[in-house]
Protein chains: 2
Amino acid sequence: MERPELPLAQLHAFVVLAEELHFGHAAARLGIAQPPLSQQIRRLEDKVGHALFTREPGRVALTAAGRELLPAARRALTDLADGLAAARAVGSGRAGRLRIGFAASLALTVLPGLLRAFRERLPDVRLDIREMTTAPQIAALRDKTIDVGLLREPPAGDTAGDTAYGPELCFRTVLTEPFVAVLPSAHPLAAPRTVRLARLADEPFVLLPRTAGPRLHDQIIGLCEAAGFTPRIAQRAVEWQTVCALVETGLGVSLAPASIRRIRLKGVAFRTVEPNARTRVAVGWRKDDRSPLVAQLLATVSGDPGSAR
Amino acid sequence: MERPELPLAQLHAFVVLAEELHFGHAAARLGIAQPPLSQQIRRLEDKVGHALFTREPGRVALTAAGRELLPAARRALTDLADGLAAARAVGSGRAGRLRIGFAASLALTVLPGLLRAFRERLPDVRLDIREMTTAPQIAALRDKTIDVGLLREPPAGDTAGDTAYGPELCFRTVLTEPFVAVLPSAHPLAAPRTVRLARLADEPFVLLPRTAGPRLHDQIIGLCEAAGFTPRIAQRAVEWQTVCALVETGLGVSLAPASIRRIRLKGVAFRTVEPNARTRVAVGWRKDDRSPLVAQLLATVSGDPGSAR
DNA sequence: TGGGCTGATATCTCTAGGCGTATGGAGCGC
DNA sequence: GCGCTCCATACGCCTAGAGATATCAGCCCA
C-alpha cells in the first residue's frame with residue numbers, strides 16, 4: 001500500500017460535483033464559495049493527472065476517467081464514515097461485546113434483571129454469557145476469557161491478586177442473601193418454618209466441591225462449625241440443581257444461598273436457618289480494564305440510571 | 001455523506017502501525033521518524049475520540065475501537081488506490097473502451113491488421129466494433145454512438161460538419177485503392193486482364209444504394225460518365241458480398257473498390273479497369289474528442305510505433 | 001448589443017498538519 | 001544501579017491547502 005497523498009476533502013468535492021454536475025450548486029451543497037470548489041477539483045485533477053470533468057459551456061459532465069474514479073471515491077468515503085462511526089460506537093461503549101461469567105445459582109435471580117437493564121441501556125452491545133463457578137471465573141478474568149464475573153464470596157477483601165498471577169482484580173458486592181437449609185420434604189426437620197443449624201449435625205451433607213468456590217464452601221463449613229459440628233459430606237455435585245435433586249432422593253441435606261429457592265422440586269423443602277448468616281454475591285472485573293462496557297455494566301449493577309447517549 | 005475531515009496520511013499510519021504493532025518499525029516502514037508517527041496516531045485518536053492502541057510497556061495492541069476501524073481503513077485506502085490507478089489508466093488511454101464503426105468491405109483488409117496492432121499496443125482497451133456503411137457512420141459519430149469510423153470517401157475535403165448538425169468531424173485518409181470491375185467469370189469481358197470502362201456501357205449494373213455512401217456512389221457514377229455513359233442500375237444491394245453474389249447469377253456487372261477481391265466466389269471475376277481511378281478509405285472522428293484512445297487509434301492507423309507505456 | 005449565468009483565474013490570508021531534533025520517563029535485564 | 005529499549009512530549013520550521021473576494025471570459029437569450 002503506497003502513500004496515498006490526497007486530501008479527502010477533494011474526494012468529497014469530487015463526489016458532490018459528480019452528483020450535481022454544476023459548480024455553483026455543488027459549492028452550495030458543500031457550504032463553500034464556487035472558486036474554492038474549482039480549485040479543489042483542479043487540484044484533484046492535477047493529482048490524478050487527467051481531467052475528471054468536461055466543462056462545455058452549459059454543461060458539466062464526467063470524463064471516462066472521472067466515471068472510473070467515482071465509484072471508488074464513493075466507496076472509500078462511505079467505508080471511512082462507517083468505520084469511524086463504528087469505532088466511535090465501540091470506543092464510547094455504545095456497541096461492542098461483553099463476556100460475562102456467572103454462577104449458575106444467579107441465573108434465576110440477579111442475572112435476568114441485569115441483562116434486561118443492560119440491554120435496554122445499550123441495545124447494540126452483544127452479551128456473551130457463560131455459566132461458571134467462582135474459581136474458574138477468577139481464572140477467566142485473569143486470562144481475559146471473560147470481562148466481568150458474577151460470583152459468590154470473592155477472594156480477599158474486595159480486591160485480590162498480584163501481578164504474578166495476572167492483572168489485579170476488583171470486586172463489588174451486588175447483594176447479600178441468607179442461607180437456607182435444603183431438606184427432603186418428608187424430613188422431620190422440614191416441618192417447622194425455621195431450622196436450627198445445630199439440628200443438622202448428624203445429617204449427611206450434599207455440597208458443591210470446594211474447588212468450585214472455596215470461599216463459599218469454607219463459609220458453609222464455618223457456619224456448621226460455629227454451630228458445634230463438622231458436617232459429614234456424603235456427596236458432591238457441581239451444580240445446585242443437582243444438589244437439590246440429590247437431596248430429594250434422600251441422599252442428604254444441604255445448606256445453600258436463598259436464591260436457590262427458585263429451583264422448584266416437589267420433594268425438596270427450603271427452610272430458614274438459625275442463627276442466620278448471609279452470603280455475598282459480587283461482580284468482579286480487571287482493575288486495569290478500561291473498557292467502557294465494563295463501566296457501563298458496573299453502573300447498571302449499581303442501579304445507576306445511566307447515560308446511554 | 002458528511003464532511004470527512006481526516007487526513008489520509010493518518011489512516012495510512014494507523015494501518016501500518018496496526019500491522020507492525022511497534023512504533024519504531026512502523027515509522028521506519030513509513031519512512032519517517034518515530035515522534036511524527038506518535039503524533040499522527042495521537043491526532044487520529046483525537047479525531048476518533050477514543051484510543052486505538054494500548055501502549056503497555058513492551059507491547060502495543062489494538063483496542064476494540066481500533067479493531068473496528070482497521071478493516072474500514074484498509075478498504076478505504078485500497079479502494080482509493082485502485083480507483084486512482086484505474087482513473088489514470090483510463091485517462092492516459094491505457095485502458096477503457098473504444099467504439100469503432102467500419103465499412104463491411106474493410107473487414108477483409110485494413111480492419112484485422114488495425115485491430116491486431118491496436119490490441120498489441122493497448123491490451124487493456126476494449127474495442128467495440130460494429131459494421132456500418134459510410135452515411136450511418138457519419139451520423140453515429142455525430143451522436144456519439146461510435147468514437148471512430150472507418151469509411152470510404154468521407155464528405156467534403158477531409159473535414160465536414162457544422163455545429164448545427166452536431167460536433168465537427170475530422171477525417172484522415174488511410175489508404176487509396178483502385179476500382180475493379182466485377183464480372184461473371186463467363187462474361188466475354190472477363191477474358192482479358194484489363195477492362196476498358198467504356199466497354200461496360202451497355203451492361204446492367206449492381207450497386208449499393210446511394211444512401212449507404214453517397215460519395216462513393218457518386219464517384220462510381222462519375223467514372224462511368226467520364227467514360228461516356230450513364231450506368232443503368234438493374235439492382236441494389238446493401239453489402240458488397242451480396243453484390244458479388246448477384247453478379248455471379250448474371251444479374252449484371254459492378255464497379256467496386258479493389259479490396260473486395262478478398263470475397264472469393266468461383267463464378268465472379270475481378271478485373272482492373274482502364275482508365276484507372278482510386279477510392280479513398282479514411283478514419284473519421286470528432287474533432288473535439290479529447291479521448292486519448294482516439295489519438296492512439298489514429299497513431300496506430302498511421303503506423304506510428306507508439307508509446308504504450 | 002447588453003445582461004445573466006457559469007466557470008476559471010488571480011491574489012491574499014490563515015491554519016492545520018507534517019517533519020525534524022532534542023528530551024523525558026517508564027520498564028526491563030544484567 | 002546502569003544502560004537499553006520504547007514511546008511520549010516539547011518546540012520550531014515549513015508547506016500545502018482551504019477559504020474568501022474580486023475579476024475575467026465565454027455563451028445564451030432577449
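Sequence lines set the chain letters: A, B, ... in the order given, protein chains first and strands last, and positions in each chain run from 1. What you see below is based on every heavy atom in this structure, not just the backbone, and it leaves out hydrogens, waters and symmetry mates.
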Asker: Tell me the bend of the helix from dT1(C)-dA30(D) to dC30(C)-dG1(D) as the angle between end helix axes, each from five pairs, rounded to the nearest 10 degrees.
Answerer: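 Inter-axis angle at the ends, rounded: 20°.
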Asker: Treating R99(A) as the side-chain partner and T145(A) as the backbone partner, does any N or O pair qualify as donor plus acceptor under 3.5 Å?
Answerer: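 Flag set: sc R99(A) to bb T145(A) pair under 3.5 Å.
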Asker: Between P on dG17(D) and CG on L8(A), what's the gap in Å once rounded to a whole number?
Answerer: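 My rounded result for the distance is 13 Å.
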Asker: From C-beta outward on Q39(A), which listed nucleotide comes closest to its side chain: dA8(D), dG20(C), dG19(D)?
Answerer: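 When the side chain of Q39(A) is considered, dG19(D) is the closest of dA8(D), dG20(C), dG19(D).
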Asker: Can you tell me how far C1' of dG17(D) sits from CG of L11(A), to the nearest Å?
Answerer: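 The answer, rounded to whole Å, is 14 Å.
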Asker: Given dA16(C), is OP1 or OP2 found less than 4.0 Å from the side-chain N or O atoms of K47(B)?
Answerer: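 Answer is no, no contact under 4.0 Å.
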Asker: State whether R42(B) places a side-chain N or O below 4.0 Å from either non-bridging phosphate oxygen (OP1 or OP2) of dT9(D).
Answerer: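 Answer is yes, contact under 4.0 Å.
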Asker: Side chain of A33(A): nearest nucleotide among dT9(D), dT21(D), dC7(D)?
Answerer: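 So the side chain of A33(A) is nearest to dT21(D).
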Asker: Any donor-acceptor pair under 3.5 Å linking the side chain of E45(A) with the backbone of H50(A)?
Answerer: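 No; zero donor-acceptor contacts below 3.5 Å.
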Asker: Closer than 3.5 angstrom, by distance alone: can the side chain of T173(A) be matched with the main-chain N or O of R280(A) as a donor-acceptor pair?
Answerer: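 No, because the side chain of T173(A) does not come within donor-acceptor range (under 3.5 Å) of the backbone of R280(A).
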Asker: Provide, to the nearest angstrom, the distance between the CG atom belonging to L44(B) and the P atom belonging to dG18(C).
Answerer: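 So the two atoms are 10 Å apart, to the nearest Å.
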Asker: Which residue lies toward the 5' end of DNA chain D, R43(A) or Q34(B), if each is placed at its nearest nucleotide?
Answerer: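 With R43(A) and Q34(B) compared, the 5'-side residue is Q34(B).
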Asker: For the backbone of C170(A) and the side chain of R172(A), can you confirm whether one donor and one acceptor N or O come within less than 3.5 Å of each other?
Answerer: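 No, the answer is negative, given that no donor and acceptor are paired below the 3.5 Å cut-off.
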Asker: Between T300(B) and F118(B) (side chain of the first, backbone of the second, donor and acceptor by atom type, cut-off under 3.5 Å), is there such a pair?
Answerer: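 Between the backbone of F118(B) and the side chain of T300(B) there is no qualifying donor-acceptor contact (under 3.5 Å).
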Asker: Does a side-chain N or O from S38(B) land closer than 4.0 Å to OP1 or OP2 of dC7(D), or not?
Answerer: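 No, no such contact exists.
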Asker: In whole Å, I'd like the distance from the CD atom of E20(B) to the P atom of dT5(D).
Answerer: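 Taking atom P of dT5(D) as the reference, CD of E20(B) is at 18 Å.
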Asker: Measure the distance from CZ on F14(B) to P on dG18(C) and round it to the nearest whole Å.
Answerer: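 To the nearest whole Å, that distance equals 16 Å.
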Asker: Just compare dT21(C), dC7(D), dT9(C) and give me whichever is closest to any side-chain atom of R55(B).
Answerer: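 Between dT21(C), dC7(D), dT9(C), the one nearest the side chain of R55(B) would be dC7(D).
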Asker: Rounded to whole angstroms, how far apart are CD on Q40(A) and P on dA18(D)?
Answerer: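 After rounding, the reported distance stands at 4 Å.
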Asker: Between the side chain of S291(B) and the main-chain N/O of L293(B), is any donor-acceptor distance below 3.5 Å?
Answerer: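 Indeed, once roles are kept as given, a pair shorter than 3.5 Å links the two residues.
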Asker: From the list dT9(D), dC7(D), dG7(C), which nucleotide is the closest neighbour of the side chain of H22(B)?
Answerer: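 Nearest nucleotide to the side chain: dC7(D).
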Asker: Under the salt bridge (Lys or Arg N to Asp or Glu O under 4.0 Å) criterion, do E68(A) and R88(B) qualify, and how do the steps go?
Answerer: CA-CA 9 Å; E68(A) 204 65 26; R88(B) 289 201 176 107; over 6 Å; no
Asker: To the nearest angstrom, how far is L37(B) atom CG from dG20(C) atom P?
Answerer: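 Atom-to-atom, L37(B) to dG20(C), this comes out as 11 Å.
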Asker: Tell me: CD1 of I41(A) to P of dG17(D), nearest whole Å?
Answerer: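 Rounding to the nearest Å, CD1 of I41(A) and P of dG17(D) are 14 Å apart.
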